[in-house]
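What follows is a set of notes on a single structure, which appears directly below.
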Amino acid sequence: MQEITLTLPMLPDMELTASKTACAVGEHIRMSVDKIDEMRMAVVEACINAFEHSDAQAQKVELTFAVMGQDDDPKGLQITIRDRGIGFAPDTVEEPVLKTKLSPGISKRGWGLKIIHGLMDEVDIQSGREGTTVVMRKLR
Amino acid sequence: MQEITLTLPMLPDMELTASKTACAVGEHIRMSVDKIDEMRMAVVEACINAFEHSDAQAQKVELTFAVMGQDDDPKGLQITIRDRGIGFAPDTVEEPVLKTKLSPGISKRGWGLKIIHGLMDEVDIQSGREGTTVVMRKLR
Amino acid sequence: MSESLKLNVDRRDGLAIVYTDGYINNQGGEEIAKVAYGLIDEGHKNLLLNLQGTKIVNSIGISILIEIIEKMIEIEGTLAFCCLTPTIDKTFHIMGLAQYAGIYADEPTAISEFTGSA
Amino acid sequence: MSESLKLNVDRRDGLAIVYTDGYINNQGGEEIAKVAYGLIDEGHKNLLLNLQGTKIVNSIGISILIEIIEKMIEIEGTLAFCCLTPTIDKTFHIMGLAQYAGIYADEPTAISEFTGSA
Ligand SMILES: Nc1ncnc2c1ncn2[C@@H]1O[C@H](COP(=O)(O)OP(=O)(O)O)[C@@H](O)[C@H]1O
Ligand SMILES: Nc1ncnc2c1ncn2[C@@H]1O[C@H](COP(=O)(O)OP(=O)(O)O)[C@@H](O)[C@H]1O
């Protein structure tokens, strides 16, 4: 399996660098422009979650792009976004509902994971004391 | 110093992924489009040299992008392209001359290093039994 | 080194159109909110955000847009969007935004909808 | 997964223009060479490579272009280039290509140069 890794410092706008590299890898396997774009947005969300919530000492995010399927017949991309931060319990995160969010005084935040799930074909999140690993797949 | 690392398999067209990531980092520090483009071409040349000549067992190239200067006042980018291959003696590489190359029977190849030197502001090549490391800098 | 969002405003009869150019992240969202609240203060109740120049947004930026929607509901005004990329359109639908804000393919359609309902 | 180069040929009186679209790497260079040698076989001696659609080249691709220049010198023909990106232009100058092949900013300039010298 072809693998590309990218390590980024947790700094403002670095999610855009991650997103552009995701775009390059998507183009490499001839993914459609729209699917690449969906994947880019999911990458941005996973990165900013790591930046904002991980509290990782190293202040770095590691991304791995793995081509699924054969080299000459790629089926899609598996993207892993890993931080070595404090972790969280994905099962306890409440699903955001816009109607509720629109009430006065309620935080409007909390959409990242929902967007990631909505834009990718498969998402798996492992999180614990060693940090968080989001594995997400997009078929071509 | 902000550092971004990218590890690529030595596979056809992977130099384009390197080049696109270089572009993203250049955009991040607001380098001009023309300078980014020159840097991209130098990155492509350094990558294909590693792919073609390094004979590295791991079949991987490691790139590091380091922002020169302060975070809020970047001076440029330092890009390091490293392979763990057989190495070569940069000093013994003959400077290509087009007139000579245009003679029949003479290989037309041998331009990569000249192009890298011509397009970047500073270039340093360390090569030996542990492989080759090309360090190149481009000021904003 | 933040890529800052650029904004342009076109004030029309009964409608203000805000054109965005760039990344809508937290700062970008704040910029839009500032302009939107300014327009509300001027008396505008119908706002159209033309996202033609925005190829990328993030959920923090969108959460600020939700604040604007909340404000519009409060003042019985309307916020609408047009010219979204397919991914931004999909994201807005995933979030259910289409129920609280008009989402139009292009500006003429959006404007005629506003004019029709005004 | 190679991004293949697309080529189009426009045969004119005393001149053939080859339009490239994509990356000129080894395969891309070979494609151009195949087309160029075909045009030479058809009797064309003046070739213009319009690189408008090429944003990136590598030195292996360029080395194949040098083979074509060698061939043109042999048959006393001319190869010229137009519509280069600033970086490709700079690269061709670094290599000294401008001494052996015309390099023009745009197609009309290139064509008038060919027509003038024909
Ligand atoms: N990488 C991470 N490390 C730690 N906590 C995380 C991480 N990603 C998500 N979370 C937790 O999950 C919650 C929901 O995340 P998300 O849906 O992206 O919305 P938001 O980031 O706006 O809160 C976050 O508020 C945070 O508590
Ligand atoms: N990363 C590398 N590992 C081993 N040898 C290299 C490397 N880079 C360059 N070389 C050597 O330097 C020579 C000149 O390289 P270059 O100027 O790029 O031209 P070309 O690749 O066309 O030969 C190569 O032919 C090769 O022998």
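- Around the CG atom of D/D13, the shell of radius 6.0 Å holds no more than 12 heavy atoms that belong to other residues, nucleotides or ligands.
- Residue D/I73 touches chain B through its side chain alone, counting heavy-atom pairs closer than 4.5 Å.
- Rounding to the nearest 0.5 Å places CD of D/E67 at 10.5 Å from CG of B/L102.
- By the neighbour-count criterion of 12 heavy atoms within 6.0 Å, atom CD of D/E42 is densely surrounded, having more than that number from other residues, nucleotides or ligands.
- Chosen from B/E52, B/K99, B/H117, the residue pairing most often with chain D at heavy-atom distances under 4.5 Å is B/K99.
- Side chains of D/I66 and B/W111 form a contact here, defined as non-hydrogen atoms less than 4.5 Å apart.
- In this structure, the portion of D/I56 lying under 4.5 Å from any heavy atom of chain B is its side chain and not its backbone.
- For a residue to count as touching a neighbouring chain, one of its non-hydrogen atoms must lie under 4.5 Å from one of that chain's; by this rule B/K35 does not touch chain D.
- Heavy atoms closer than 4.5 Å to chain D are found in the backbone of B/S103, but not in its side chain.
- Put simply, the side chain of B/D34 does not reach to within 4.5 Å of the side chain of D/K90, judged on heavy atoms.
- With a threshold of 4.5 angstrom between heavy atoms, B/P104 approaches chain D through its backbone and through its side chain.
- The closest side-chain donor-acceptor pair between D/S59 and B/E45 falls under 3.5 angstrom.
- Nearest heavy atoms, B/E15 versus D/N58: OE2-ND2, 4.2 Å.
- Distance CD1/B/I48 to CG/D/N25: 8.5 Å, rounded to 0.5 Å.
- Contacts of B/L119 with chain D are made by both backbone and side-chain atoms, with heavy-atom separations under 4.5 Å.
- Between B/K101 and D/E70, none of the side-chain N atoms (NZ, or NE/NH1/NH2) sits under 4.0 Å from a carboxylate O, so this pair counts as no salt bridge.
- If you measure heavy-atom distances from D/I62 to chain B, the contacts under 4.5 Å come from the side chain alone.
- Remark: B/K108 NZ to D/L65 CG distance equals 12.5 Å, nearest 0.5 Å.
- Taking CD from B/E38 and OG1 from D/T87, the interatomic distance works out to 4.5 Å, rounded to the nearest 0.5 Å.
- Contact check for D/Q99 versus B/L98: no side-chain heavy atoms found under the 4.5 Å cut-off.
- Summarising the geometry, atom CD1 belonging to B/I116 is positioned 11.0 Å from atom OG1 belonging to D/T91; distances are rounded to the nearest 0.5 Å.
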